[in-house]
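By convention in this document, chain letters (A, B, ...) are assigned in the order of the sequence lines, proteins followed by strands, and residues within each chain are numbered from 1.
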Amino acid sequence: MLILTCPNCGIACDETELTPGGVAHLERSGPGASDAEFEDYLFMRSNPKGVHFERWRHSSGCGKWFHAARDTATMQVFATYSAQVTGPTAEVLTAIRAKYPDYTLPEGLKEARP
Amino acid sequence: MSQRLATGGRLIDRSQPRSFTFNGKTLQGYAGDTLASALLGADQMLVGRSFKYHRPRGVVASGAEEPNALMNMGEGELFEPNQRATTTELFEGLIARSQNHWPSLDYDIGALNQLAAPFFSAGFYYKTFIHPRAAWKHLFEPFIRKSAGLGQAPKGADGDIYEHYYAHVDVLVIGGGIAGLRAAHAAASAGARVLVIEQSATWGGRAPVDDDFASEINALVAELAAMDDVQMRLRLMGAGVYDHGFVTGYERLRDHAPKPGAPRHRLWKIRAQQVVSCTGAIERPLSFAGNDRPGVMLASAMRDYVVNHAVAPGQRTVLVTNNDDGYRTVLCLLDHGLEVPLVIDARRNPEGTLAAKARARGVTIRDGYAAAGVRGTKRVTGIEICPIEGSGGAVDTVECDAVAMSGGWSPVVHFYSHCGGKLLWDEAGAFFYPDAAKPPLNQSGAGFVRCGGAANGALQGAEAAQCGGQAGAEAARALGLTAPVPSGPAPEPQAEAPLMPVWVMPLNADYHRRSHTWLDFQNDVKLSDVQLAAREGYESVEHTKRYTTLGMATDQGKLSNINGLAVLSDALDASIPQVGTTTFRPPYTPISLGSIAGEARGDTFQPLRRTPMHDWHEANGVHWEPVGHWRRPYAYPRSGETVEQAVHREVKNTREALGLLDASTLGKILVTGPDAGKFLDMLYTNMMSSLKPGRCRYGLMCNENGFLMDDGVVARLDENSFLVHTTSGGAEHIHAHMEDWLQCEWWDWQVHTVNLTEEYAQIAVVGPHARKLLEKLGGMDFSAENLPFMGWAEGQIGGFDTRVFRISFSGELSFEVAVPAAQGAAFWDRLVKEGADLGLMPYGTEALHILRAEKGFIMIGDETDGTVIPQDLGLHWAISKKKTDYLGKRAQERPHMTDPARWKLVGLETISGAVLPDGAYATAPGYNANDQRNTQGRVTSTYYSPTLERGIAMGLVLNGPDRMGEVLNFPGTNGQIYRARIVDPVFYDKEGAKQNV
């Protein structure tokens with residue numbers, strides 16, 4: 001059972017206080033998107049063994065969403081960070097590279113715009 | 001015979017006899033006995049029958065690993081099956097019954113299965129019960145169900161109570177043996193907050209039996225008990241280790257001293273920074289023919305019973321061993337005046353000091369020999385021996401009434417493995433032990449579980465104690481504390497000769513012997529079964545486990561796993577570490593379902609949400625309907641009235657006079673901010689930003705997949721704020737949905753949401769006299785001019801602070817009045833009182849459903865099921881064509897969604913006037929690939945309409961709106977076919993004249 005620190009209220013939360021929200025940093029496809037783009041946005045998800053970016057909501061706490069960078073195999077948590085970014089921040093990438101020096105972001109995912 | 005010795009017994013108190021019954025027979029033991037030791041002390045060696053062959057079985061172990069001595073315990077509502085006699089503490093009046101036999105333990109008809117044993121080999125069920133298919137349901141399954149299973153299932157609700165408990169500690173030590181106590185001491189001395197838990201009723205583990213640690217154990221326990229930051233718990237078993245230091249513990253509070261009204265078990269949910277597992281090791285049986293006969297026991301268990309309970313399992317005991325540790329049992333038995341006529345040692349010239357001591361005391365040792373077979377049926381009467389390399393032809397037979405077997409030890413690595421720790425294979429000792437380089441990792445990527453003592457492979461007493469202390473100190477250091485190298489007596493190296501791995505005894509045992517050699521006692525898996533599985537191509541240990549059922553019983557292979565996988569690896573010609581173990585899964589031993597449920601049963605199963613008028617409903621004959629966590633009135637039956645009659649009366653009265661509905665459960669979410677309108681335009685399919693303050697609008701909400709998820713009325717309160725009404729079930733998740741989009745997608749939009757559902761009581765005043773009632777209370781202008789349909793107003797009604805919405809879900813003149821929750825009950829009372837002479841009656845949810853169905857209004861969850869888009873329901877009028885985007889818009893443009901050939905909403909009217917069965921399908925010509933009839937629609941809502949005095953229904957039908965007047969067939973589950981005509985879904989007052997007055 002995971003412990004994730006909510007970056008909004010600072011509490012190290014037990015997983016029972018949290019609601020998972022699936023993969024992070026999806027870019028929304030709306031009207032005008034091709035069928036393929038829309039299919040990608042709505043259904044296609046990666047299931048990596050290793051570094052993964054996720055959305056979590058501190059639902060039984062402050063109610064705020066946040067992001068977590070986590071290793072799906074070892075359960076190591078590299079960082080939790082703001083929900084209001086379009087990709088992992090430089091600090092998050094630094095934390096990941098402390099463990100995996102050669103880590104690069106998967107295709108389609110970009111570092112957060114400053 | 002097994003019997004109580006005249007003196008001794010470390011744990012029993014002879015001044016406190018305890019009576020108990022076994023299969024109705026009254027027997028006696030002492031305080032401090034386990035049920036197993038008490039049975040053995042009363043010469044009850046035969047304690048059960050085996051699962052498949054109903055072979056007689058006796059106690060084989062002395063702890064949690066026991067596979068045979070499982071009991072039906074207790075009676076009535078306290079009855080529980082499959083309780084291990086070896087871990088059940090004896091108490092006065094204990095009632096135990098043996099399992100899996102008929103008609104009695106001594107004479108069992110199922111034992112005939114043994115004669116058919118050649119047919120019950122691995123995969124028997126898979127191979128046998130395949131054809132014909134019909135026979136499975138009517139012949140095989142009922143028979144298997146009748147004969148399968150060990151204990152009986154309890155018949156009633158559990159009469160015991162249970163609870164949960166939470167703990168947060170720096171270091172959790174699992175196991176209170178010498179290693180665990182040293183670990184706890186080392187960690188606590190360094191300043192860590194420590195919880196040390198022990199599954200049994202005493203501290204010290206098996207050290208007091210095998211070594212002289214008694215005084216150190218007493219001193220450590222006293223010292224730890226005096227430390228402020230140390231918690232110590234007996235009868236609390238580690239159950240499972242999970243991610244990030246979450247550990248479950250199973251505390252047996254009252255199993256040894258039942259007391260009505262007090263919790264029986266407690267499930268601990270522990271968060272530990274560091275876990276030290278000092279869980280010891282379990283001795284392995286040896287695999288020889290007849291090793292399951294009552295009287296064949298683990299050598300270590302035998303000395304446990306002698307030392308701890310002064311119970312001698314036999315008078316003449318033969319030891320079969322492949323290692324030196326077994327000789328401890330020989331010396332122990334001799335010390336207690338018992339006979340050991342022979343030791344059968346698989347090794348040639350065992351030279352260890354323990355063997356030498358036995359030899360010096362005149363014990364005959366046949367070295368290089370094997371047990372070839374066991375004489376006796378319900379009790380050992382002798383043992384046959386043959387050379388270890390032989391195939392089993394006995395060269396000699398020795399009379400004995402007990403056999404001690406010692407096949408080496410396996411560290412209990414479960415708590416290292418539960419959460420991903422890896423294991424290494426120790427060639428010399430033939431066991432798996434924790435790989436310290438690959439521990440389970442916590443959230444920081446650092447190891448959080450380590451093993452100490454025998455669990456870490458340090459099997460000898462002194463060595464184990466030292467290893468435990470080190471593990472405790474390391475755990476403290478991992479927390480950043482300073483922990484010195486723990487003090488304590490240094491281990492004296494005990495010269496033990498190496499073990500000889502023997503997985504089949506004798507090494508070339510013939511088929512007859514291999515098929516009478518048990519690997520898994522509880523599930524009746526024989527050596528020949530695992531070999532057969534290997535021959536049939538099972539290479540993975542996980543598949544072999546499931547095919548043969550090896551290690552699948554309640555003991556989860558604590559005795560059988562290593563022996564089984566050694567046999568498998570031999571058959572596959574692979575090394576043991578190559579084949580690997582099956583996955584260790586929590587819990588360590590079975591824990592009661594009651595402990596998992598804890599307090600969550602009956603009234604405390606889940607919280608109950610009550611509207612402000614709950615008590616009034618209760619006092620006025622309500623028939624409740626659970627709606628999520630809410631209770632809503634379904635109807636208010638009067639005396640002499642059925643619920644159905646009450647519903648019909650309520651519908652008619654609301655249409656003809658005046659009804660009152662408690663609508664407080666309706667979701668109420670306040671959305672405010674400069675971008676609130678823009679936000680609602682994205683959330684709803686229609687335009688909300690154009691709504692004028694003072695007006696209401698019905699809207700549909702879809703998810704990104706285009707499917708309907710909620711509907712309701714939005715009222716614009718002022719330029720910047722909207723009150724969003726959701727369905728009763730939708731309030732929480734729609735609020736969460738809003739927050740998700742606002743926080744994670746449109747975080748720069750200035751919008752604030754708050755869920756006000758429980759802040760207001762909401763009462764619908766419905767029917768032709770609705771206006772009259774409100775005017776009677778007075779305070780506002782309720783005229784159609786001032787408060788038109790789909791308008792709202794704020795003000796006082798009869799002195800109450802209200803907001804009145806002129807919206808209708810019934811088709812009648814209707815005012816939904818919201819008052820602060822605290823005023824809800826008083827306002828309701830007032831309406832009931834003032835409405836009496838207008839014919840007012842409260843109505844419930846079923847009447848509400850019928851009223852809306854008569855009007856063709858959809859209900860989320862009836863007309864929608866997560867695959868329905870608004871266009872399917874003919875709600876095009878509520879989908880904006882002007883908006884460039886809203887949630888679900890793109891999805892609704894997908895080819896399948898725009899396909900004209902979809903199932904669409906229509907009304908359905910049976911030809912006979914009967915009520916269509918709910919969920920019935922309309923059949924179409926032909927059959928599908930599964931031989932089922934093709935379908936072309938289904939019923940989504942169906943009721944008897946008291947207004948129209950006939951059955952009415954709504955349904956989704958292929959191209960439905962284009963097929964008005966067509967008659968469809970709806971087969972019911974009662975064999976009857978209902979014929980129904982496709983009609984307009986609005987059955988009553990199509991012009992809407994009644995609501996708009």
Problem - Side chain proximity check, A:R57 to B:E739, heavy atoms < 4.5 angstrom - result: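 Yes. Closest side-chain heavy atoms under 4.5 Å.
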Handout entry: Close side-chain approach of A:M1 and B:H244, heavy atoms under 4.5 Å
Key =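 Side-chain contact under 4.5 Å: no.
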Which bit of [X] is near chain B, if near means a heavy-atom gap under 4.5 Å: side chain, backbone, both or neither?
X	result
A:L42	side chain
A:S59	neither
A:Y41	side chain
A:F43	side chain
A:R70	neither

Problem - Most chain A-contacting option - heavy-atom pairs closer than 4.5 Å, from B:S444, B:G420, B:A446, B:G888 - result: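 Max contact count across the listed options: B:S444.
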Problem - When B:L887, B:D748, B:T884, B:D740 are compared by non-hydrogen pairs under 4.5 Å with chain A, the top option - result: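 Going by pairs under 4.5 Å, I would pick B:D740.
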Practice task
Kindly check if the number of other-residue, nucleotide or ligand heavy atoms within 6.0 Å of NZ (B:K883) is above 12?
Solution key: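 Check passes, neighbour count above 12.
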To the nearest 0.5 angstrom, please state how far the [atom1] atom of [X] sits from the [atom2] atom of [Y].
X	Y	atom1	atom2	answer
B:D243	A:M75	CG	CE	4.5 Å
A:W65	B:W747	CH2	CH2	13.5 Å
B:R890	A:E37	CZ	CD	8.5 Å
A:I3	B:Q443	CD1	CD	5.0 Å

Practice task
Give, as side chain, backbone, both or neither, the part of B:P440 having an atom under 4.5 angstrom from any heavy atom of chain A.
Solution key: neither
Handout entry: Side chain, backbone, both or neither of B:N442 within contact of chain A (heavy atoms, under 4.5 Å)
Key =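 For B:N442, the backbone is the part near chain A, not the side chain.
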Handout entry: Residue-level contacts of residues 14-35 of chain A with chain B, using a heavy-atom cutoff under 4.5 Å
Key =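 Within residues 14-35 of chain A, near chain B: A:D14, A:E15, A:R28, A:S29, A:G30, A:P31, A:G32, A:A33, A:S34, A:D35.
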Handout entry: Among A:R55, A:Q76, A:K64, residue most engaged with chain B (heavy-atom pairs, under 4.5 Å)
Key = A:Q76
Handout entry: Choice from A:T86, A:V77, A:L4, A:T74 maximising heavy atom contacts with chain B below 4.5 Å
Key =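 With the most close heavy-atom pairs to chain B, the winner is A:V77.
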